[in-house]
Amino acid sequence: MTTLREVRKRAELDAQSRGYLLNPDAEFLNGLLEGLRVNEERWGYPSCPCRPSAGVFDLDRDIICPCDYRDPDVEEFGQCYCCLYVDRETHESGQIKPIPERRPQEKQMLALGFETEPQVAGAESTALPSKRKLYYCKVCGYVVFREEPPYVCPICRAKKEFFAEIEPSVPR
Ligand code: SF4
């Protein structure tokens, strides 16, 4: 089992190798690292803690941390989508903000269980999984459809505890 310490070390080395830094907020950083650790334990790979994972390697490949979108996001916005990796300027200013999602919408839909294109080999079991529910962030209203809320809201950075389930209304 991968420990939090190992996840942190890996992120630190990765940041160093690219000239990045990790989020300066220790508590927030810890939440992200714990999210990576849990995802690795659950799926066998550390998928992004602020995005829904399909649980199928081929569908999640682009969001295994560090994801395919990190470098262009740090280049353009000074931080990755989750704010785990930041550039020096952002680290010093502490000005961390929500940034747009660069992951293509089709990939997001596939991760949520919607079949928007022919199935990837081995992905059959991800179609409309029964355990997924709708959750919303009580702080900013962000809505996700997954097995459990994200560790950190990708929009306002509220923690998992600020998410609540949306109960489906029963038609009369
Ligand atoms: S957005 Fe950041 S934390 Fe999420 S997978 Fe990409 S690099 Fe990792």
Side-chain angles (χ1 to χ4, degrees), residues 2-112 120 123 126 135 137 139-140 142-163:
T2 312
T3 64
L4 192 57
R5 180 192 285 258
E6 287 166 333
V7 175
R8 180 183 295 272
K9 190 77 206 155
R10 197 166 57 199
E12 282 170 354
L13 288 173
D14 208 283
Q16 249 174 37
S17 74
R18 300 289 308 182
Y20 302 152
L21 294 158
L22 298 184
N23 192 301
D25 180 332
E27 198 186 337
F28 181 77
L29 174 62
N30 224 44
L32 290 173
L33 296 173
E34 176 63 10
L36 286 169
R37 189 196 69 73
V38 171
N39 282 349
E40 185 165 349
E41 197 173 297
R42 178 182 299 154
W43 309 121
Y45 46 83
S47 55
C48 185
C50 356
R51 294 178 167 113
S53 303
V56 175
F57 181 80
D58 278 336
L59 294 179
D60 292 337
R61 191 191 292 263
D62 61 316
I63 55 160
I64 294 176
C65 191
C67 61
D68 292 358
Y69 315 103
R70 179 192 65 175
D71 294 343
D73 278 344
V74 177
E75 173 78 32
E76 188 174 348
F77 302 108
Q79 60 177 78
C80 71
Y81 185 61
C82 293
C83 301
L84 173 60
Y85 294 98
V86 297
D87 66 9
R88 189 161 299 280
E89 201 182 321
T90 304
H91 192 270
E92 279 167 11
S93 71
Q95 301 256 307
I96 288 163
K97 64 245 172 231
I99 63 169
E101 170 62 292
R102 194 182 289 272
R103 190 182 198 203
Q105 205 169 15
E106 316 81 69
K107 287 187 182 248
Q108 295 179 49
M109 297 300 280
L110 280 170
L112 291 172
V120 174
T126 66
Y135 295 95
C137 172
V139 178
C140 71
Y142 172 69
V143 175
V144 286
F145 180 58
R146 51 189 287 176
E147 288 184 8
E148 56 182 71
Y151 291 92
V152 177
C153 173
I155 303 302
C156 71
R157 311 299 165 200
K159 288 189 185 163
K160 187 176 187 174
E161 301 80 69
F162 287 90
F163 277 80

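Order of listing sets the numbers, starting from 1, for every ligand and every atom in it. Small disclaimer: the values here were computed from a predicted structure and weren't measured.
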*Hey, mind stepping through Glu101 and Lys107 against salt bridge (Lys or Arg N to Asp or Glu O under 4.0 Å) and telling me if it holds?*
CA-CA 11 Å; Glu101 170 62 292; Lys107 287 187 182 248; over 6 Å; no

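Distances from atom 4 (Fe) of ligand 1 under 2.8 Å pick out these protein N/O/S atoms: Cys48 SG.
The side-chain hydrogen bond (donor to acceptor under 3.5 Å, both in side chains) search around Tyr135 returns none, not counting sequence neighbours. Partners of Cys82 by disulfide bond (SG atoms under 2.5 Å apart), not counting sequence neighbours, listed by chain and number: Cys50. Remark: Arg18 engages Asp14, Tyr20, Arg70, Asp71 in a side-chain contact (heavy atoms from CB on, under 4.5 Å) (not counting sequence neighbours).
In this structure, Glu34 does not pair ionically with Lys160, as no charged nitrogen and carboxylate oxygen lie closer than 4.0 Å. With respect to Glu6 and Arg10, no salt bridge is recorded, no charged nitrogen being found less than 4.0 Å from a carboxylate O.
Listed by number with element, the atoms of ligand 1 under 4.0 angstrom from any heavy atom of Tyr85 are 7 (S).
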